[in-house]
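Structure first, then comments.
Computed over heavy atoms, backbone and side chain alike; hydrogens, waters and symmetry mates excluded. Numbers here are sequence positions counted from 1.
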Amino acid sequence: MIILLMIIHLAAALLLFLGWLNGVIHISPALLPANFLLPLWGPLCVIVYELHFRGGEKADQEAESIRFGITDEVYRNVRMDKGGVEDVLPIEDVLVSGSPRQRRSLLLSVLHSGPRDFVRSLRIAGVNDDTEVVHYAVTALVEIRSEYTQRIAEMEKKLSACPGDPRILLAYADLDEEYLKSGIPEESEKTELIADCRNKLEKCLGAVSWELRAAGNSGAVSKSGDRTAIMKRLAEICLLQGDNDSAEYYTGILQEENPYDGECCLLRVRAKALARDGGAIKEILSEADDRNVYFSPEQRKQIEFWSAVS
């Protein structure tokens with residue numbers, strides 16, 4: 001009988017060990033000696049540990065409710081209103097005029113669907129007279145900000161390792177622009193972010209221009225395209241900053257190098273508008289018409305606007 005029990009124990013222990021090796025069993029390596037050395041109790045402990053682990057994985061499905069401090073009672077009692085399309089209201093209206101239950105229900109729905117797309121609404125909720133709604137909103141905003149802070153810190157490490165890499169510089173500028181568009185930064189932080197994004201793009205433009213000169217004819221088309229795209233973004237940032245001299249400089253090069261590009265033409269018009277030079281705007285639009293520059297329907301609307309005001 002004892003021999004039979006030992007055989008069963010060894011078979012179970014070996015089976016669990018093989019499961020651990022193949023990633024099916026998720027136990028701590030510290031349990032492996034007990035698995036073999038404790039007759040029957042060792043494998044039983046491993047099975048209990050695995051059941052506890054899988055129970056934890058199931059609980060992670062409700063991670064969002066824990067993440068935002070949502071109590072079980074509130075989570076169970078929240079019920080989204082049902083109705084037709086005509087009953088749908090903008091988020092801001094519900095946060096301002098909705099009942100406490102509607103506000104909390106709405107905020108919970110926003111948090112579970114991903115708060116990044118609702119930053120403006122979360123800011124409105126942050127000054128609500130319902131303390132629970134304010135708690136959810138502020139917690140979500142803080143978490144989004146911390147995620148961006150972590151990503152920026154990681155990008156800073158990459159840039160420190162390769163300071164002149166144009167790909168990293170461009171990725172850093174992309175992250176700055178993404179953070180700006182998120183709506184999270186305050187006004188003072190926006191100014192710093194815009195300046196940092198411009199700095200990264202200027203360094204990237206210098207690196208790409210140097211590579212273009214070094215490459216000669218080899219790969220010139222792709223590098224030239226990269227250079228034009230970066231210069232367009234730089235022109236946009238200079239216009240955003242109100243830096244008229246730099247905006248005129250970049251848009252002048254863009255229009256000279258890309259005379260049939262409608263976007264470059266419009267950037268040049270905006271630079272002249274910043275300088276309050278209506279005569280130059282008329283001249284640019286007239287030249288574009290003579291060259292038959294193609295404008296998309298959206299760009300055509302802008303052309304009509306500038307033609308009317310210049």
Side-chain angles (χ1 to χ4, degrees), residues 116 119-120 148 151-152 155 159 165-212 222-278 280-285 287-288 291 293-310:
R116 278 193 186 181
V119 170
R120 183 171 178 270
Y148 275 111
R151 290 173 63 190
I152 288 172
M155 192 65 71
L159 188 60
D165 191 327
R167 290 170 299 179
I168 297 177
L169 287 165
L170 197 57
Y172 204 146
D174 290 341
L175 180 57
D176 280 344
E177 287 186 348
E178 180 187 333
Y179 188 28
L180 278 167
K181 291 175 183 177
S182 71
I184 292 292
E186 302 294 341
E187 287 304 319
S188 58
E189 192 179 4
K190 282 182 182 179
T191 303
E192 294 178 4
L193 271 172
I194 292 171
D196 184 68
C197 183
R198 176 176 173 176
N199 176 263
K200 298 297 185 296
L201 287 173
E202 285 175 342
K203 289 182 178 178
C204 184
L205 179 63
V208 170
S209 297
W210 182 86
E211 288 181 2
L212 185 60
S222 61
K223 293 295 179 185
S224 179
D226 292 343
R227 180 173 175 275
T228 299
I230 295 168
M231 203 174 296
K232 285 179 180 179
R233 291 173 63 178
L234 266 172
E236 287 280 4
I237 286 184
C238 292
L239 290 167
L240 185 62
Q241 288 180 313
D243 185 349
N244 182 55
D245 291 339
S246 297
E248 290 231 24
Y249 170 74
Y250 288 120
T251 56
I253 296 175
L254 282 169
Q255 191 177 29
E256 182 180 347
E257 295 181 353
N258 307 275
Y260 298 98
D261 188 319
E263 185 180 359
C264 293
C265 179
L266 279 171
L267 284 169
R268 184 65 172 164
V269 167
R270 289 169 58 192
K272 291 299 182 183
L274 188 62
R276 301 181 183 276
D277 191 344
I281 293 175
K282 288 182 179 179
E283 184 179 343
I284 293 168
L285 295 179
E287 289 177 357
R291 288 196 300 269
V293 175
Y294 172 76
F295 294 102
S296 67
E298 183 61 34
Q299 290 172 342
R300 180 61 61 183
K301 292 178 183 178
Q302 296 181 50
I303 290 295
E304 291 173 359
F305 169 78
W306 290 116
S307 298
V309 299
S310 61

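Taken to the nearest 0.5 Å, the CG atom of Asp243 stands 12.5 Å off from the OH atom of Tyr249. To the nearest 0.5 Å, atom OH of residue Tyr148 and atom CE of residue Met155 are 12.0 Å apart. Taking OG1 of Thr251 as the start and CG of Leu239 as the end, the distance is 7.0 Å to the nearest 0.5 Å. Remark: Cys197 SG to Glu236 CD distance equals 11.0 Å, nearest 0.5 Å. Here CG of Leu266 is found 5.0 Å from CD of Gln302. Values are rounded to the nearest 0.5 Å. In this structure, CG in Leu240 is found 4.0 Å from CD1 in Ile194, a value given to the nearest 0.5 Å.
The minimum heavy-atom distance between Ser307 and Leu285, with the atom names listed, is OG-CD1, 3.4 Å. Of all the heavy atoms in Ile230 and Cys204, the pair that sits closest is CD1-SG, 3.5 Å. Of all heavy-atom pairs between Pro259 and Val293, the closest is O-CG2, 3.5 Å. When all heavy atoms of Trp306 and Val269 are compared, the pair lying nearest together is CG-CG1, 3.5 Å. What you find for Asp176 and Lys200 is that their closest heavy atoms are OD2-CG, 4.5 Å.
Every side-chain contact (heavy atoms from CB on, under 4.5 Å) that Glu187 has, sequence neighbours left out, goes to Lys190. Residues forming a side-chain contact (heavy atoms from CB on, under 4.5 Å) with Glu248 (at least two apart in sequence, or on another chain): Asn244, Arg268, Ala271, Lys272, Ala275.
The backbone N or O of Asp261 sits nowhere less than 3.5 Å from a side-chain atom of Asn258 that would complete a donor-acceptor pair. Asp196 places no side-chain N or O within 3.5 Å of a backbone atom of Glu192 that could act as its donor or acceptor partner.
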Candidate pair Leu254 and Glu263, rule side chain to side chain contact (heavy atoms under 4.5 Å, CB included), full reasoning: CA-CA 9 Å; Leu254 282 169; Glu263 185 180 359; over 6 Å; no

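In this structure, Asp174 pairs ionically with Arg233, as a charged nitrogen and a carboxylate oxygen lie closer than 4.0 Å. Between Arg198 and Glu202 there is a salt bridge, since at least one side-chain N of the basic residue sits less than 4.0 Å from a carboxylate O of the acidic one.
Counted within 6.0 Å of CZ on Phe295, heavy atoms from surrounding residues, nucleotides or ligands total more than 12; the atom is thus considered enclosed. Counting heavy-atom neighbours within 6.0 Å of Arg291 CZ, excluding the residue itself, gives a total above 12.
Residues Arg227 and Ile253 form a side-chain contact, since some pair of their non-hydrogen atoms from C-beta on lies under 4.5 Å apart. Side-chain atoms of Leu170 and Val208, non-hydrogen and from C-beta on, never get closer than 4.5 Å to each other. Leu267 is not listed as a side-chain neighbour of Tyr250, based on a closest heavy-atom distance of 4.5 Å or more.
Side-chain polar atoms of Glu189 and Tyr179 form a donor-acceptor pair below 3.5 angstrom.
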